[in-house]
Enquirer: 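Can you keep this structure in mind? I'll have questions shortly.
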Amino acid sequence: MLLAIIAAGVLWAGLAAASFRVYRSAGRLAPVAALPARAPSVSVVVPARNEEAGIEAALRSLLAQEGVQLELVVVNDGSTDGTRAILERLAAADPRLKLIHDPELPEGWLGKVNALHRGAAVARGDWLLFADADVVHHPRALASALELAARGSLDVVALMPRFEWESLVEHGLMVAFLIALVQMGSPRLDDPAYPDDAAGSGSFTLVRRASYERAGGHSPLKAAVLDDVELGRLLKRSGARVAFRMAPELVRVRMYRCNREAFWGLSKNIVASFPGKPLAALAGGGLVGALLLGPFAGALLGLFSGDDVLVAASAGLYLSELATLAAMRGWHGYRWSRLPGFPLFAITAAACIGAATWRAIRGGTVLWRGRSVRVS
């Protein structure tokens, strides 16, 4: 057992080092100090399905953007809650807000991708921003991204937001996020010589219209569950110059609104990261669970057997894991009181991977926002 704890410690140290290397290599984008003399035209495309809890704050933050000529296109993708009423009230007060209600969903298309496609088709800006309906933006988020694009002659700017966690399951997702960041993060994200190394952000992906159209828009991605990552890869393969930055001061989001939503949201995203390999996802979930629960198991075994070295090693592993997550505080909004129990919360992450894997093996679906999404 001692050797297993040591191996877990080495694995965790490598994971932590890799994650912070991604943070450093991606860089951090802060609010721009001065606005441009000539305001660029930007169309923001927002897909919305059952988003009544957060859409008003998100849209008001977009309508408050400084230094741009703004057009806001919101596609209400068959919402069954109060989303439509909120949208119509906001549109009546601001002519920059255009609405598309209940677009037809063609066979073979996922709802969100279809909504993005329909919104982009009517947008008129020189730049397109694709943003989820629960994201709150700093007033100079667009201006800051556009300044970076102008400075680097870029076609795409994707920003990683500050994630805010509330429920128990959400806190468990911090570890899954860390692993996903390492998986997608690479110093080669901005390097055109590596077209397959790309990242995306559903919270904020700013694209030059000409580059978006040259890549074929969202049509090639009609069945993509991870549409943001696949859009980034599609654009980079088409020759677009891209930049991926951390932007906790500019963009923030609470991805999931309750334990249940966090459970199934992580399920579909992780299984979609292993297309055609559900057992690989299951193995990864088991590894995460073993890594995080190992300190507890080792400490208990050491206490019962009188092995002080095993207890000390287990405690050291736990403290190193705790310190790593505490150091991520600048990128995550979480409750300090819940952080010490993060390994127990992470059991839910492993459980939802297992549930989604089982459904994928059986050719099943995950229910997401009232619509079935095939996770295989």
Enquirer: Would you indicate whether the side-chain heavy atoms of L99 and L97 approach each other to under 4.5 Å?
Expert: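 In short, these two side chains touch, coming nearer than 4.5 Å.
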Enquirer: Evaluate side chain to side chain contact (heavy atoms under 4.5 Å, CB included) for T80 paired with N50, printing each intermediate quantity in order.
Expert: CA-CA 6 Å; T80 57; N50 296 341; 3.3 Å; yes
Enquirer: Is the number of heavy atoms from other residues, nucleotides or ligands within 6.0 Å of CZ (R38) greater than 12?
Expert: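 12 or below, so no.
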Enquirer: Mind checking the CD1-CD spacing from I86 to E51? Nearest 0.5 Å is all I need.
Expert: 10.0 Å
Enquirer: Checking salt bridge (charged side-chain N to carboxylate O under 4.0 Å, His left out) between E249 and each of R140, R162, R28, which is the one that passes?
Expert: R28
Enquirer: Do S320 and W12 touch side chain to side chain, with heavy atoms closer than 4.5 Å?
Expert: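 They are in side-chain contact.
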Enquirer: Would you call the rings of F296 and Y318 parallel, tilted or perpendicular if under 30° counts as parallel and over 60° as perpendicular?
Expert: perpendicular
Enquirer: Check each of D77, T83, N76 against H101 using the side chain to side chain donor-acceptor pair (under 3.5 Å) test, and report the only one that passes.
Expert: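 Exactly one option meets the side chain to side chain donor-acceptor pair (under 3.5 Å) with H101, and it is N76.
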Enquirer: Any ion pair linking K112 and D227 (charged N to carboxylate O, less than 4.0 Å)?
Expert: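 A salt bridge is present here (some side-chain N lies under 4.0 Å from a carboxylate O).
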Enquirer: Dump the intermediate steps for side chain to side chain donor-acceptor pair (under 3.5 Å) on E71 and S43, then the final yes or no.
Expert: CA-CA 5 Å; E71 175 189 55; S43 294; 2.4 Å; yes
Enquirer: Write down the atom of A48, the atom of S79, and the distance for their closest heavy-atom approach.
Expert: O-OG, 3.6 Å
Enquirer: List the steps, then state whether side chain to side chain contact (heavy atoms under 4.5 Å, CB included) holds for L231 with H218.
Expert: CA-CA 7 Å; L231 177 61; H218 276 86; 3.9 Å; yes
Enquirer: Could you go through the side chain to side chain contact (heavy atoms under 4.5 Å, CB included) check for S219 and W109 one step at a time?
Expert: CA-CA 9 Å; S219 294; W109 284 74; 4.1 Å; yes
Enquirer: Ignoring hydrogens and angles, tell me if any N or O in the side chain of R124 forms a donor-acceptor pair with the backbone of V122 under 3.5 Å.
Expert: yes
Enquirer: How about L310 and L301: do any of their side-chain heavy atoms sit closer than 4.5 Å?
Expert: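 A side-chain contact exists here, since the closest heavy-atom pair is under 4.5 Å.
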Enquirer: Could you point out which residue of V45, L62, L59 forms a side chain to side chain contact (heavy atoms under 4.5 Å, CB included) with V74?
Expert: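 Among the candidates, only L59 passes.
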Enquirer: Considering only heavy atoms from C-beta outward, does the side chain of Q65 approach that of V42 to under 4.5 Å?
Expert: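 Q65 does not reach V42 side chain to side chain.
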Enquirer: Nearest heavy-atom pair of A149 and V157: which atoms, and what distance?
Expert: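 Scanning both residues completely, I find the closest heavy atoms to be CB-CG2, 4.0 Å.
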Enquirer: Would you call the rings of H137 and F204 parallel, tilted or perpendicular if under 30° counts as parallel and over 60° as perpendicular?
Expert: tilted
Enquirer: Looking only at non-hydrogen atoms, find the nearest pair between L250 and A141 and report the distance.
Expert: O-CB, 3.8 Å
Enquirer: Nearest heavy-atom pair of L142 and L206: which atoms, and what distance?
Expert: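 Looks like CD2-CD1, 4.0 Å.
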Enquirer: Any side-chain heavy-atom pair from R209 and W127 closer than 4.5 angstrom?
Expert: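 No, every pair of side-chain atoms sits at 4.5 Å or beyond.
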Enquirer: If you define the side chain from C-beta out and look only at heavy atoms, does anything of P103 sit under 4.5 Å from R118?
Expert: yes
Enquirer: Testing the basics here: between P40 and L146, what is the closest heavy-atom pair and its distance to 0.1 Å?
Expert: CG-CD1, 3.8 Å
Enquirer: Kindly indicate whether the side chain of P220, heavy atoms from C-beta on, has any atom under 4.5 Å from the side chain of L234.
Expert: yes
Enquirer: Take R208 and L154 through the test side chain to side chain contact (heavy atoms under 4.5 Å, CB included) and record every step on the way to the result.
Expert: CA-CA 8 Å; R208 195 184 299 273; L154 302 172; 5.7 Å; no
Enquirer: Kindly say whether L159 contributes a backbone atom to a donor-acceptor pair with the side chain of S201 at under 3.5 angstrom?
Expert: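 Confirmed, S201 side chain pairs with L159 backbone.
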Enquirer: Nearest heavy-atom pair of A143 and L35: which atoms, and what distance?
Expert: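 So the minimum-distance heavy-atom pair works out to CB-CD2, 3.9 Å.
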